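Everything below concerns the one structure shown next.
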There are 2 protein chains.
Amino acid sequence: MAKATKAAAQAVAENGNLDTALRGLVGYSMKRATNMLQADASRVLDGYGLRITTFSALAVICDHPDVTQSQIAAALNMERSNTVLIIDALEQAGLIGRHRVPTDRRSYALRATLEGMKTRDAALKALAAHEDDMLRNLDQEERATLMALMGKIAPRS
Amino acid sequence: MAKATKAAAQAVAENGNLDTALRGLVGYSMKRATNMLQADASRVLDGYGLRITTFSALAVICDHPDVTQSQIAAALNMERSNTVLIIDALEQAGLIGRHRVPTDRRSYALRATLEGMKTRDAALKALAAHEDDMLRNLDQEERATLMALMGKIAPRS
DNA sequence: ACTTGTTAGCTATGTTATATAACTATTATG
DNA sequence: CATAATAGTTATATAACATAGCTAACAAGT
């Protein structure tokens, strides 16, 4: 055990937590859980040459061929400007293609390549397996409850 | 409604979601909820001259006088190196003080100033109020369940 | 006491995610 | 046709997070 000042060391000895007050905040506790899940997801996706954002965009494109960058931004709750480099990366990796739309020359119709579809499927499967492990202490009903409760969180009224 | 390619536009018309597959991942859904809470928390804390990380560190210091930077890093699940600038910011804002420890000249005993205590109390109160609003669709039992379920998520086995 | 290993804080650096403003080309609207 | 809105882009900034390496100080074993 590390040397520590008295009061803090005592708190550590008691329950190992110095952040008791913060744990009462849902945002704080959720951030910690999210960080754990995201860090693991990043490591998994790295094996497929993807980051979390590029994987997310790829998944949307696979499920919705001919989607536009603006639609992806809206779906993933990000700024349009930030989609550019993400789509660039997917295109350069040969996972998707930008196709011009005859009826609107401003936008691109994004479509996954065969490799893109395969990569998505494999990555999604790997992610699900890792999540399943990290959620091993929750049964199916508890997982459903967790998702439902998170879905009830709303923007400021 | 924005002009969109056919298939994607249809999906949007149906349920407004292009990310159905991703929503099945707990990590993805939790990230979305977390982002919402964190963005709001950042705005709140900005009013107190704090960021999420500086507020978190301040809260730990207030609750555990004479805590060290390493202990804060461990408590907040961050790297020691990243605590330095955070503690610097709190010190320069006059919210905490670095005090030398006679028994160990390597470490600092961090203590909040009176203003630090006041700032923390006010910020925490404001954060709790904002969370209470964003969680208005969950009753007390549901909030407790949410916290309990998040706490069951574990690192990879 | 002296070497060895560890700890605390610090510095530098890099990446990822996110946000904003401003620009061009194109399309929609009054 | 003039004006407004939209799609994509560029540039830029910041927060959070991570890694490697460094110095000073302490701890432990011989």
Side-chain angles (χ1 to χ4, degrees), chain A residues 1-5 8-9 27-28 31-32 34-43 45-46 49-57 66-74 76-91 98-110, chain B residues 1-5 8-9 27-28 31-32 34-43 45-46 49-57 66-74 76-91 98-110:
Chain A
M1 169 59 83
K3 176 77 169 299
T5 49
Y28 178 81
K31 177 84 183 314
R32 287 192 72 118
T34 299
N35 270 5
M36 194 159 58
L37 292 170
Q38 297 280 116
D40 188 76
S42 290
R43 280 188 293 271
L45 291 173
D46 194 55
L50 294 170
R51 287 168 293 130
I52 288 183
T53 49
T54 54
F55 166 75
S56 301
D66 289 349
V67 72
T68 68
Q69 294 184 193
S70 288
Q71 287 173 331
I72 289 175
L76 299 180
N77 213 31
M78 57 168 57
E79 298 300 318
R80 275 201 319 281
S81 60
N82 290 327
T83 63
V84 179
L85 296 183
I86 292 170
I87 303 301
D88 280 354
L90 289 173
E91 189 180 30
R98 276 179 165 109
H99 303 273
R100 298 251 62 136
V101 181
T103 60
D104 188 342
R105 282 178 301 180
R106 290 172 302 181
S107 61
Y108 291 114
L110 305 175
Chain B
M1 166 61 83
K3 176 76 170 300
T5 51
Y28 177 80
K31 178 85 182 311
R32 287 191 71 117
T34 298
N35 271 3
M36 195 159 58
L37 292 169
Q38 297 280 116
D40 188 75
S42 290
R43 280 188 294 271
L45 292 174
D46 195 55
L50 294 170
R51 287 169 294 129
I52 287 183
T53 48
T54 53
F55 167 75
S56 301
D66 290 349
V67 71
T68 68
Q69 294 183 192
S70 289
Q71 288 173 330
I72 289 176
L76 299 180
N77 214 32
M78 56 168 59
E79 298 300 318
R80 273 200 321 280
S81 60
N82 289 327
T83 63
V84 180
L85 296 184
I86 292 169
I87 302 302
D88 280 353
L90 289 173
E91 188 180 32
R98 277 177 164 109
H99 302 273
R100 299 250 63 135
V101 181
T103 61
D104 187 345
R105 281 179 301 178
R106 291 172 301 177
S107 61
Y108 292 114
L110 305 175

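Naming: A, B, ... by sequence-line order, numbering from 1 per chain. All values derive from a computational prediction rather than experimental measurement.
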Check nucleotides 20-24 of chain C against the protein and report each pair of N or O atoms closer than 3.5 Å, with its distance, or say if there are none.
{"residue": "C:dT20", "atom": "O4", "partner": "A:S81", "partner atom": "OG", "Å": "2.6"}

Worksheet item: For A:L110 and A:N35, take the nucleotide of DNA chain D holding the closest heavy atom to each; which residue's nucleotide lies nearer the 5' end?
Response: A:L110
Worksheet item: Within the structure, does a side-chain N or O atom of A:T83 lie under 4.0 Å from either OP1 or OP2 of D:dG8?
Response: no
Worksheet item: Where do A:H99 and A:Y108 land on the side chain to side chain contact (heavy atoms under 4.5 Å, CB included) test, with the steps shown first?
Response: CA-CA 5 Å; A:H99 303 273; A:Y108 291 114; over 6 Å; no
Fill in: Gap separating the CZ atom of A:R106 from the CZ atom of A:R100, nearest 0.5 angstrom
11.0 Å
Practice prompt. Could you tell me the separation between the CG atom of B:L110 and the CZ atom of B:R98, rounded to the nearest 0.5 Å?
Written response: 7.0 Å
Worksheet item: In whole angstroms, how far is the C1' atom of D:dA7 from the NE2 atom of A:H99?
Response: 17 Å
Practice prompt. Examine D:dC17: is either OP1 or OP2 under 4.0 Å from a nitrogen or oxygen in the side chain of B:T53? Give yes or no.
Written response: no
Discussion item. Expressed as a whole number of angstroms, how long is the span from A:D46:CG to C:dA17:P?
Written reply: 11 Å
Discussion item. Between P on C:dC10 and CD1 on B:I86, what's the gap in Å once rounded to a whole number?
Written reply: 12 Å
Fill in: Spacing between B:N77 atom CG and D:dA16 atom P, to the nearest angstrom
15 Å
Item to complete: Indicate whether OP1 or OP2 belonging to D:dA15 is found under 4.0 Å from a side-chain N or O atom of B:R43.
Response: no
Fill in: DNA chain C: 5'-proximal contact among A:R51 and A:P102 (nearest heavy atom)
A:R51
Fill in: Whole-Å distance separating the OH atom of B:Y28 from the C1' atom of C:dA17
14 Å
Worksheet item: Where are the stems of DNA chain D, defined as at least 3 consecutive Watson-Crick or wobble G-U pairs with both distances under 3.5 Å?
Response: C:1-30 with D:1-30
Worksheet item: Counting only distance, no hydrogens or angles, is the base of C:dT26 paired donor-acceptor with the side chain of A:R105 under 3.5 Å?
Response: no
Worksheet item: Tell me: CG of A:D88 to P of D:dT9, nearest whole Å?
Response: 6 Å
Practice prompt. Select base, sugar-phosphate, or nothing to describe what B:I87 touches, counting heavy atoms under 4.0 Å on all strands.
Written response: nothing
Worksheet item: Under 4.0 angstrom, heavy atoms only, what part of the nucleic acid is A:R100 near: base, sugar-phosphate, or nothing?
Response: nothing
Worksheet item: Between CE of A:M36 and CD of A:Q38, what distance do you get to the nearest 0.5 Å?
Response: 11.5 Å
Practice prompt. Take the protein atom CG of A:L85 and the nucleotide atom P of D:dA11, then report the distance between them rounded to whole Å.
Written response: 10 Å
Worksheet item: Phosphate oxygens OP1/OP2 of D:dA7: is one of them under 4.0 Å from a side-chain N or O of A:S70?
Response: yes
Worksheet item: Under 4.0 Å between a side-chain N/O of A:Q69 and OP1 or OP2 of D:dT9, yes or no?
Response: yes
Item to complete: Give the nucleotide from the list C:dA17, D:dT10, D:dT6 with an atom nearest to the side chain of A:R106.
Response: D:dT6
Item to complete: Quickly work out the B:M78 CE to D:dC17 C1' distance and round it to whole Å.
Response: 8 Å
Practice prompt. Can you measure from CG (A:L76) to CD1 (A:I52) and round to the nearest 0.5 angstrom?
Written response: 12.0 Å
Worksheet item: Nearest 0.5 Å, what's the OG-NZ distance between B:S56 and A:K31?
Response: 7.5 Å
Fill in: Among C:dA17, D:dC26, D:dC17, the nucleotide that comes nearest once only the side chain of B:D104 is considered
D:dC26
Worksheet item: Does the side-chain hydrogen bond (donor to acceptor under 3.5 Å, both in side chains) test come out yes or no for B:T68 and B:S107, once each step is laid out?
Response: CA-CA 6 Å; B:T68 68; B:S107 61; 6.0 Å; no
Item to complete: With rounding to the nearest 0.5 Å, note down the distance linking CG in B:L90 to CZ in B:F55.
Response: 11.0 Å
Worksheet item: Does D:dC17 have OP1 or OP2 sitting under 4.0 Å from an N or O in the side chain of A:K31?
Response: yes
Worksheet entry | Passing option when A:R43 is tested against A:D46, A:L45, A:D40 for side chain to side chain contact (heavy atoms under 4.5 Å, CB included) | A:D40
Practice prompt. Check A:A109 against A:D66 and note the closest heavy-atom contact, atom names and distance.
Written response: CB-OD1, 3.5 Å
Worksheet item: Tell me, do B:I87 and B:I72 make a side-chain contact under 4.5 Å, heavy atoms counted?
Response: yes
